[in-house]
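Note that the structure is predicted; figures quoted are calculated from it, not measured.
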Amino acid sequence: MSAKKSIQPNITTVDVKCTGCGATFQLSGAFKDRYLSVEQCENCHSAYTGIKSSTSSGASDKFYSKYKIDLSKFKKKKKTDA
């Protein structure tokens, strides 16, 4: 029985800080460090808040702006029933 106890990880409590909004909270688990930082948490992530961030645009938007492609030239294809 003592062999199994030696392989179990130590459960510790760590302090987590969100770099997006500055919120702090604690997590319990088998962590190496006492402090962690995350980019987004439940207070500022768009999946939880429903607010999209305007700082990042999609890859296709960057491509079109880089090569200055005018999308109004292209016509959308209509779906036909097969």
Side-chain angles (χ1 to χ4, degrees):
M1 288 279 184
S2 63
K4 287 188 178 183
K5 282 190 173 186
S6 65
I7 63 170
Q8 296 297 321
N10 294 329
I11 304 299
T12 59
T13 302
V14 295
D15 296 324
V16 182
K17 182 173 183 176
C18 176
T19 57
C21 65
T24 58
F25 51 95
Q26 292 185 336
L27 289 176
S28 295
F31 298 106
K32 292 181 182 179
D33 298 328
R34 296 253 327 134
Y35 302 100
L36 294 175
S37 65
V38 293
E39 292 181 10
Q40 294 180 338
C41 68
E42 63 182 7
N43 296 330
C44 59
H45 194 277
S46 61
Y48 295 104
T49 61
I51 301 170
K52 289 189 175 185
S53 175
S54 62
T55 58
S56 63
S57 62
S60 60
D61 294 336
K62 289 179 184 178
F63 175 81
Y64 291 128
S65 65
K66 179 178 179 180
Y67 294 105
K68 300 187 180 16
I69 297 173
D70 185 16
L71 295 177
S72 63
K73 296 177 187 176
F74 301 103
K75 294 181 180 178
K76 289 186 178 181
K77 291 183 179 180
K78 293 183 179 179
K79 291 184 180 180
T80 59
D81 294 332

message: Can you list everything that forms a side-chain contact (heavy atoms from CB on, under 4.5 Å) with Val16? Sequence neighbours excluded, please.
response: Val14, Phe25, Leu27, Leu36, Val38

query: Between Cys18 and Cys44, which heavy-atom pair has the shortest distance, and what is it?
result: SG-SG, 3.6 Å

- request: Compare every heavy atom of Pro9 with every heavy atom of Ala30, then report the nearest pair and how far apart it is.
  value: CB-CB, 3.7 Å

query: Cluster partners of Tyr35, using ILVMFWY side-chain heavy atoms under 4.5 angstrom, listed by chain and number?
result: none

- request: Supply the atom-to-atom distance Asn10 CG to Lys32 NZ, rounded to the nearest 0.5 angstrom.
  value: 13.0 Å

message: Treating Arg34 as the side-chain partner and Thr13 as the backbone partner, does any N or O pair qualify as donor plus acceptor under 3.5 Å?
response: yes

Glu42 CD to Cys21 SG distance, which is reported to the nearest 0.5 Å: 9.5 Å

side-chain hydrogen bond (donor to acceptor under 3.5 Å, both in side chains) partners of residues 16-25, not counting sequence neighbours, each pair once: none

task: Nearest 0.5 Å please: distance from the CG atom of Asp33 over to the CG atom of Asp15.
output: 12.0 Å

